[in-house]
Colleague: 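Below is a structure I'd like to ask you about.
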Amino acid sequence: PMVTSVPLEVCAHDERRTIRDLHGIITDGEGQYALSMDCSILIAPTLGESGGSVSAGSCGAGARTNITLSFTEFDVEETFDQVFISTCSDEECANPVPVPGSPFSGLLGSFQLKVAAEILLVSFATDTQNVGAGFRASFLLEGPSELVSPPRPVVVSAGPWHRARVVIDSA
């Protein structure tokens, strides 16, 4: 069997982390998440050994890359606890643009989002009462696409993530 290492980001509190990997897993952690969470992660993949950022221009005129988020678990307190997913034009992410449907909340189970973007900001904010099982999603940078960018900017707060690695055994 082939064994591969997949980056894993686990939400903590009050710090924004940046992932530069082309694929990985994001989660709020094992078991139920904590009250008063405020954490976020910037998915900003890089290509090649030089560490150069992925850009629309690198994929041909008018082409964009896709980042696919595949949620395998999503159970956060309806309305009061939310996962915000936004595209960003750069790593500062001063003017995040929410993807359609964001923020996400409630018992959504498994679902997938394919976003035409080079950089995504995923933020998780919870209130001071009630918790759920949380969320877990894999992400993957894919090739160019002609998808339309999502609408309206929103201010999203930042928060932390801790790095680890998980090993996946695929036959």
Colleague: Rounded to the nearest 0.5 Å, what separates atom CZ in R17 from atom CD1 in I43?
Modeller: 13.5 Å
Colleague: Tell me the closest heavy-atom pair linking Q112 and S70, and the distance in Å.
Modeller: NE2-OG, 2.8 Å
Colleague: Using modelled atom types only, decide if a donor and an acceptor are shared between the side chain of S102 and the backbone of F84 within a distance under 3.5 Å.
Modeller: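 No, because the side chain of S102 does not come within donor-acceptor range (under 3.5 Å) of the backbone of F84.
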Colleague: For the residue pair L69 and V115, establish whether any side-chain heavy-atom pair is separated by less than 4.5 Å.
Modeller: no
Colleague: Indicate yes or no: at least one non-hydrogen side-chain atom of I26 is less than 4.5 angstrom from one of V10.
Modeller: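 No, side chains not in contact.
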Colleague: Supply the atom-to-atom distance K114 NZ to T68 OG1, rounded to the nearest 0.5 angstrom.
Modeller: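 It is 4.5 Å, given to the nearest 0.5 Å.
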Colleague: Taking G24's backbone N and O only, do any of them form a donor-acceptor pair with S138's side chain (distance below 3.5 Å, no angle check)?
Modeller: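 Checking the backbone N and O of G24 against the side chain of S138, no donor-acceptor pair under 3.5 Å is found.
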Colleague: What I want to find out is whether R16 reaches E91 closely enough, with some N-O distance under 4.0 Å, to be called a salt bridge.
Modeller: no
Colleague: Run through M37, E77, Q82 and flag the one making a side-chain contact (heavy atoms from CB on, under 4.5 Å) with T126.
Modeller: M37
Colleague: Short question: side chain of D90, backbone of E92 - any donor-acceptor pair under 3.5 Å?
Modeller: yes
Colleague: What are the two closest non-hydrogen atoms of I25 and F139, and how far apart are they?
Modeller: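 Taking I25 first and F139 second, the nearest heavy atoms are N-CE2, 3.8 Å.
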Colleague: Using a 4.5 Å cut-off on heavy atoms from C-beta on, say whether the side chain of V97 contacts that of S86.
Modeller: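 They are not in contact (no side-chain heavy atoms under 4.5 Å apart), so the answer is no.
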Colleague: In Å, rounded to the nearest 0.5 Å, how long is the span from OG1 of T128 to CG of L35?
Modeller: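 Atom-to-atom, T128:OG1 and L35:CG are 7.0 Å apart.
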Colleague: Taking all non-hydrogen atoms of both residues into account, name the closest pair between D81 and V76 and its distance.
Modeller: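 So the two residues come closest at O-CG2, 3.4 Å.
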Colleague: Closest approach of I67 and A117, non-hydrogen atoms and distance?
Modeller: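 So the two residues come closest at CG1-O, 3.7 Å.
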Colleague: Of the non-hydrogen atoms in Y33 and D28, which two are nearest, and what is the gap between them?
Modeller: CB-OD2, 3.3 Å
Colleague: Does H23 form a side-chain contact (heavy atoms from CB on, under 4.5 Å) with E142? I'd like the steps, not just the answer.
Modeller: CA-CA 9 Å; H23 62 70; E142 298 180 295; over 6 Å; no
Colleague: Does the pair T18 and I41 meet the rule for a side-chain contact (heavy atoms from CB on, under 4.5 Å), with working shown?
Modeller: CA-CA 6 Å; T18 300; I41 189 163; over 6 Å; no
Colleague: What pair of heavy atoms forms the shortest contact from T87 to C93, and how long is it?
Modeller: O-SG, 4.5 Å
Colleague: For a 4.5 angstrom cut-off between non-hydrogen side-chain atoms, does I85 reach L113?
Modeller: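 I85 reaches L113 side chain to side chain.
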Colleague: Measure up the F111 and F71 rings against each other and bin them: parallel (under 30°), tilted (30 to 60°), perpendicular (over 60°).
Modeller: parallel
Colleague: If you group Ile, Leu, Val, Met, Phe, Trp and Tyr by side-chain heavy-atom gaps below 4.5 Å, do L140 and V122 land in one group?
Modeller: no
Colleague: Is there a donor-acceptor pair under 3.5 Å between the side chain of D127 and the backbone N or O of Q129?
Modeller: yes
Colleague: Using a 3.5 Å distance criterion without hydrogens, assess whether the side chain of S105 forms a donor-acceptor pair with backbone atoms of T79.
Modeller: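 Judged by distance alone, yes, a pair lies under 3.5 Å.
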Colleague: Which residues satisfy the side chain to side chain donor-acceptor pair (under 3.5 Å) test with S36, sequence neighbours excluded?
Modeller: none
Colleague: If you measure from CD on E118 to CG on N66, what distance do you get to the nearest 0.5 Å?
Modeller: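 Spacing of CD (E118) from CG (N66) equals 9.5 Å.
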Colleague: When you compare the side chain of I119 with that of L42, does any pair of heavy atoms fall below 4.5 Å?
Modeller: yes
Colleague: Atom CZ in F135, atom OG1 in T27: separation rounded to 0.5 Å?
Modeller: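 Reported value, rounded in 0.5 Å steps: 6.0 Å.
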